[in-house]
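Working notes, beginning with the structure itself.
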Number of protein chains: 2
Amino acid sequence: MTVHQHGRYSTPVDDLPSRAVPEAAVGRLAIYLRVLTSMIEQGVTTMSSEELAGAAGVNSATLRKDLSYVGSYGTRGVGYDTARLVEHIEQLLGLTRHHSVAVVGIGNLGHALANYGGFPDRGFPVTALFDVDEDLVGIPVGGLPVDHVNTIPEVCAERDVTIGVICTPARAAQTVCDLLVAGGVRCILNFAPVMLQVPSDVEVRRVDLAVELQILSFYQARRSSGRRAGTADPVAVIR
Amino acid sequence: MTVHQHGRYSTPVDDLPSRAVPEAAVGRLAIYLRVLTSMIEQGVTTMSSEELAGAAGVNSATLRKDLSYVGSYGTRGVGYDTARLVEHIEQLLGLTRHHSVAVVGIGNLGHALANYGGFPDRGFPVTALFDVDEDLVGIPVGGLPVDHVNTIPEVCAERDVTIGVICTPARAAQTVCDLLVAGGVRCILNFAPVMLQVPSDVEVRRVDLAVELQILSFYQARRSSGRRAGTADPVAVIR
DNA sequence: GCAACTTTGTTCCTGCGTTCACAAGCGGCT
DNA sequence: AGCCGCTTGTGAACGCAGGAACAAAGTTGC
Ligand SMILES: NC(=O)c1ccc[n+]([C@@H]2O[C@H](COP(=O)([O-])OP(=O)(O)OC[C@H]3O[C@@H](n4cnc5c(N)ncnc54)[C@H](O)[C@@H]3O)[C@@H](O)[C@H]2O)c1
Ligand SMILES: NC(=O)c1ccc[n+]([C@@H]2O[C@H](COP(=O)([O-])OP(=O)(O)OC[C@H]3O[C@@H](n4cnc5c(N)ncnc54)[C@H](O)[C@@H]3O)[C@@H](O)[C@H]2O)c1
C-alpha cells in the first residue's frame, strides 16, 4: 500500500491516519463493523465491496474509499477478509480498548440506557450513574447504584470515564456538562435539546429526537402537498 | 423495494413552491424553531440573524440562507419577527398539523418514549403502542394501552398514524416495519441497529446510539494518539 | 426629508465528500 | 506458466453545502 501524504503538518510517527477521515466515513465504518460481525457469526469469511456495500446501504465506491482510510487490506479479485477487516476498523475507531460510560439523569431515558445490554457488549461498559434526585441516589439501576451529581468529577476521574451521556432536562444539561468536563470527560453524548458550551478539546454529539421527528414531518408535508393540491395556502413564494 | 436510508431529500423534480431544501438545513430549521419558541416565552419579539445564529450555534450566513428557504420574512435593518418566523418555519416543516406517532416495542426504550411528554408538546401525539409480548398487551403505558403487533395495520390506518417508531430488537425490526408500511405509515424512526428495506416512498431515519458512541471513541483515540491535547484554547466553542 | 447605519437576501467562491471510471493486482483455470 | 476475469484502490470529475462579501432595503436620528 502506498501511503498517500495528505497535507499533514503533523510529524513523524503517526500510527493513525487521523484527520483525513471524514466524519461521515467514521459513521459508516461503524456500520460496516456491525454488518461484518453479523456476517462473521454466520460463517462468512470473505466479502466483496459490492456485497458489503449492499448490506450497509451505501455505494460500493464510497465503501472502498472508506476502507482505504483504514489501510488497504483487501485482496483484488477476491474481496475482504471479514475477520481482518473487523480488526482494523476496530483499531481505527479506537475500539481495542474499553470506553467507560457514565449516564447522568436517570429518568425515563436514563433508565433505558442503563438497562440496555447492547453497550457493554460493544465495549462501552456503563460504570457510573448520576442523578440529583436524593430518592434515586443509592438505588441500583441495571445493577449499578446511582450516585449524586455532586460526585461526578471525582467518580468520573476515579473510574476513568471517557464518555458522558446526558439525559437530564434541558435546563440542567449545561451544569452537568461542566461537571463531566471537570471530571476529565472529553466525549459527551447529549440527549437534552440544548447546545452545550464546551472547551474546544471536548467532543459533543447531540441526539435530538424532536428534530428527527420534525424532519420526518417535513418529508411528509412535502409528499402530501405534492399529491393532493388541496392545501390552498400559498406557501413559500418563489422569488 | 429500494434501500433508502438516511440523508436524501425528496424527489428529483421539484414540484413544490419552495426550492429544494437541503436536509441539513431542515435539521437546523428545527433547531431555530426551538430557540425561537424559547425566546418568545421570554418576551423577545425580534432577533437579528446574528443573535439567532449565535443561539443556535451556526454561522449567520448559513442561518440567513436557511431562512431564505422559508421565504424571506425578515426586515432589513431590524431582524426577524420571532412570532412570524416561527409560524413560517412550522409551515415549511409541516408542523401546522399534528402527526400521530406509533411506538412499536415497549421495552426499555419504548417505555421511555411512551412516557416522554416532549413529543405531544411539540405536535407529535403518541396515539398507539404495540408489542408482541402478550403480557404487555392491554397494559397502559403513559396512559395509553398497548396493542398487539398483529393489529398494527388496522390500528395505524384507523388512527391515522403518520410516524412509526421502531424500538424492537433488531431481528424483529424488518417485520414490524413491513406492518407499519402496510398500515399506511410513510415515515419511520428506527432505533434498531439494522438497515430497513422499504418502498421508495417511505422515509426512514435511523438513530443509532452505538454508532454515536463509536464516533466519540474515534475522536478519543485520535486525541490520545496525537498526544497534543493541550491546545490552550480555554473557552467555549459552540458546535 | 435626508443621511447614515443596520441587517437582510443573494451571489460567488471555496472546499469537501461522493461517485465514476479505470489501471493495477491477484486467484483460478487451462 | 501464462492468460482471463474479477475486484480492489485511487485519480479525477461532479455536485453540494457552507462561508465571505456585497448590494438592496428599511430604520433611526437629526
Ligand atoms: N424520554 C424520552 O424519550 C426523550 C426523548 C427525547 C429527548 N429526551 C430528552 O432527554 C432528557 C431526559 O428525558 P427524560 O424523559 O428521561 O426526563 P425525566 O424527567 O424522566 O428524567 C430526567 C432525570 O434527570 C434528573 N435530573 C434533573 N436535574 C438534574 C441535575 N441537575 N443533575 C442530574 N440529574 C438531574 C431528574 O431527577 C430525572 O431523574 C430531556 O432533556 C429530554 O428532553 C427524552
Ligand atoms: N435501550 C436502549 O437504551 C437502546 C439503546 C440503543 C439502541 N437500542 C435499540 O432499541 C431497540 C429496543 O431496545 P430496548 O432496550 O428497548 O429492548 P427491550 O428488549 O427492552 O425491548 C424490546 C421490546 O420489543 C418487544 N418485541 C420483541 N419482538 C417484537 C416484535 N416482533 N414486535 C413487536 N415488539 C416486539 C419486546 O417484547 C420488548 O418489549 C433494540 O433494537 C436496541 O438495539 C436500545
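All heavy atoms count here, side chains included; hydrogens, waters and symmetry mates do not. Given the structure is predicted, the values throughout are model-derived calculations rather than measurements. Proteins get letters first, then strands, A, B, ... in listed order; numbering begins at 1 in each.
Note: CG (B:L63) to P (C:dT7) measures 14 Å, nearest angstrom. Here D:dA17 presents its P atom at 7 Å from OH of B:Y69, a figure rounded to the nearest Å. Atom C1' of nucleotide C:dT18 and atom CD of B:E23 are separated by 15 Å, given to the nearest angstrom. With rounding to whole Å, B:L52 atom CG is found 17 Å from C:dT6 atom C1'. Regarding B:D66, its CG atom lies at a distance of 17 Å from the P atom of D:dC16, rounded to whole Å. The distance between atom CZ of B:R28 and atom C1' of D:dA17, rounded to the nearest whole Å, is 8 Å. To the nearest angstrom, C1' of D:dT7 lies 14 Å from CG of A:L85. Between B:Y73 atom OH and C:dT10 atom P there is a gap of 12 Å when expressed in whole angstrom units.
A donor-acceptor pair is defined here as one N or O able to donate and one able to accept, closer than 3.5 Å; such a pair exists between the side chain of A:T82 and the backbone of A:V44. Proximity of a side-chain donor or acceptor of A:S60 to a complementary backbone N or O of A:E50 within less than 3.5 Å is not detected. Looking at B:T37, its side chain does come within 3.5 Å of a backbone N or O of B:L33 through a donor-acceptor pair.
Contacts between residues 77-84 of chain A and DNA chain D, defined by a heavy-atom separation below 4.0 Å, involve A:G77, A:V78, A:G79, A:Y80, listed by number.
Applying the 4.0 Å criterion to OP1 and OP2 of C:dC20, one finds that A:N59 has a side-chain N or O inside that range. In this model, the phosphate group of C:dT8 is approached by a side-chain N or O of B:S49 to a distance below 4.0 Å at OP1 or OP2. Distances shorter than 4.0 Å separate none of the side-chain N or O atoms of B:T75 from OP1 or OP2 on D:dG26. Side-chain nitrogen and oxygen atoms of A:S68 include none within less than 4.0 Å of the OP1 or OP2 phosphate oxygen of D:dG9.
If you check the side chains of A:Y73 and A:D81, you find no donor sitting under 3.5 Å from an acceptor. Side-chain contact annotation: A:Y219 with B:E23, donor-acceptor N/O pair under 3.5 Å present.
Distances were taken from every side-chain heavy atom of A:P22 (C-beta onward) to each of D:dT10, C:dG17, C:dT8; the shortest belongs to C:dG17.
Residues passing the side chain to side chain contact (heavy atoms under 4.5 Å, CB included) test with A:D178 are A:Q174, sequence neighbours excluded.
Interatomic distance, OG1 of B:T75 versus CZ of B:R84, reported as 6.5 Å (0.5 Å rounding). How far CZ of B:R34 is from CE of A:M195: 7.0 Å, rounded to the nearest 0.5 Å.
A donor N or O paired with an acceptor N or O is not found under 3.5 Å between the base of D:dG9 and the side-chain atoms of A:K65.
Residues A:L196 and A:C177 form a side-chain contact, since some pair of their non-hydrogen atoms from C-beta on lies under 4.5 Å apart.
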Name the pairs: protein N/O against N/O of nucleotides 21-23 of chain C, kept only if under 3.5 Å.
{"residue": "C:dA21", "atom": "N6", "partner": "A:R64", "partner atom": "NH2", "Å": "3.2"}

